[in-house]
*Asks:* 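For reference, the structure I am asking about is given below.
Bear in mind that the values here come from a model prediction, so they are computed numbers and not experimental data. Sequence lines set the chain letters: A, B, ... in the order given, protein chains first and strands last, and positions in each chain run from 1.
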2 protein chains.
Amino acid sequence: MNIGEAAKASGVSAKMIRYYEQAGLIPQAARRDTGYRYYGDNDVHRLRFIRRARDLGFTVEQIGDLLSLWNDRSRASADVKALALGHVEALRAKVAEIQGMIATLETLAASCHGDDRPDCPIIAGLEEGIGSPLPRPAPRRFGKAGVPAS
Amino acid sequence: MNIGEAAKASGVSAKMIRYYEQAGLIPQAARRDTGYRYYGDNDVHRLRFIRRARDLGFTVEQIGDLLSLWNDRSRASADVKALALGHVEALRAKVAEIQGMIATLETLAASCHGDDRPDCPIIAGLEEGIGSPLPRPAPRRFGKAGVPAS
DNA sequence: TCTTGACCTTACCATCGTGGTAAGCCCCAC
DNA sequence: GTGGGGCTTACCACGATGGTAAGGTCAAGA
């Protein structure tokens, strides 16, 4: 099948299929005489795997590792589990970070009467520094690759 | 003071100060004869405000709105509160999304014995589709601008 | 006075995953 | 044979941030 059909069958856009190929996540697709890529069921299977891993928040790089593990029929399941649990830890850290933001915002919002009057503790909180004067530059351990945007 | 001092005083890197200026978040800085930008205490105050808003996960665009509200001494506190609570909603959605990922991963990991043997339900889950066959393209309502990377 | 090093300037490039666009070729159905 | 849709590559864009390079400036010390 052509790339469009593979896209429909796998849930990965044609655009992203080309990107994954270029990124080395999937092998170079076979080509027809015209230059069109063509795909078989195996390829779609692999793409679906990738799609699901993305839905679970793995980065493209991590998916590369997962694919290696998938293809290595003799690897220990412990290796896979370690990768998965490591990712869970990263996700949890992200959640904690966001929940900290939520808590601060809710505290501020709770003390804001939210009516016609102009004075507002939310603005004041941003001005003055909420709890600590400057929460310090944030370790940013999960920057960029932490969790995909969507 | 020069940009470096303003950066230290505000917790915003010189790089980002220039970026915020270019993005219209802060007005064009005054310049010395040499072309050096210089800043006063007001500017640092504004930068600190921005810094804290970023720490709370507001996007640069939203911070623009916040700054407008800050500068508009006659706006209703309700306007600020609405912005803040809207953001809280977006953050909560993000948390829910990530927690869904965590739940799935933990379910998979729990059923993986995690020893030397190669068979692994985590890989199988990615292959077969975890719960629903294809979780469907994800509404992606909070893409890009949802929550900053770090 | 000259030098040195720290600071400033602008203009680029990279990240990460995704979407868009444009120019041009290909294929199938009518 | 023609039209519309699919395919190709090669670009640009996003958002927020960091990096680098090439060049101007400033202040302190020799």
*Asks:* Can you tell me how far P of C/dC16 sits from CD1 of A/I63, to the nearest Å?
*Replies:*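 My rounded result for the distance is 13 Å.
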
*Asks:* Is it the case that more than 12 heavy atoms not belonging to B/R73 sit under 6.0 Å from its CZ atom?
*Replies:*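 No, CZ of B/R73 has 12 or fewer neighbouring heavy atoms, counting only those of other groups under 6.0 Å.
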
*Asks:* Any donor and acceptor pair, going by atom type alone, linking the side chain of A/R48 with main-chain N or O of A/S10 inside 3.5 Å?
*Replies:*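 No; zero donor-acceptor contacts below 3.5 Å.
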
*Asks:* So do B/R46 and B/P27 actually touch side chain to side chain, heavy atoms under 4.5 Å?
*Replies:*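 Answer yes - side chains close enough.
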
*Asks:* Taking only N/O atoms, report every protein-nucleotides 1-7 of chain C pair under 3.5 Å with atom names and distance.
*Replies:*
{"from": "C/dC7", "atom 1": "O2", "to": "B/Y36", "atom 2": "OH", "distance (Å)": "3.3"}

*Asks:* Is there side-chain contact between A/Y38 and A/M1, with at least one heavy-atom pair below 4.5 Å?
*Replies:*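 Answer no - side chains too far apart.
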
*Asks:* Choosing from D/dT17, C/dG19, D/dT9, which nucleotide comes nearest the side chain of B/R54?
*Replies:*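 Among D/dT17, C/dG19, D/dT9, the one nearest the side chain of B/R54 is D/dT17.
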
*Asks:* Does the plane of the ring in A/F49 sit parallel, tilted or perpendicular to the ring in A/W70? Use 30° and 60° as the thresholds.
*Replies:*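 The arrangement is parallel - the two ring planes meet at less than 30°.
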
*Asks:* Using the closest heavy atom to pick a nucleotide of DNA chain D for each, name whichever of B/V60 or B/T34 lands nearer the 5' end.
*Replies:*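 The answer here is B/V60.
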
*Asks:* Do the side-chain N or O atoms of A/Y20 get closer than 4.0 angstrom to the phosphate oxygens (OP1, OP2) of C/dT18?
*Replies:*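 Indeed, a polar side-chain atom of A/Y20 lies that close.
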
*Asks:* CZ of A/R37 versus P of C/dC26: gap in Å, rounded?
*Replies:*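 Answer to the nearest Å: 15 Å.
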
*Asks:* Rounded to the nearest 0.5 Å, how far does CZ of A/R18 lie from CZ of A/R37?
*Replies:*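 Taking CZ in A/R37 and CZ in A/R18, the distance rounds to 5.5 Å.
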
*Asks:* Which of these nucleotides, D/dT8, C/dG17, D/dT17, is closest to any side-chain atom of A/R18?
*Replies:*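 Shortest atom-to-atom distance from the side chain points to D/dT8.
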
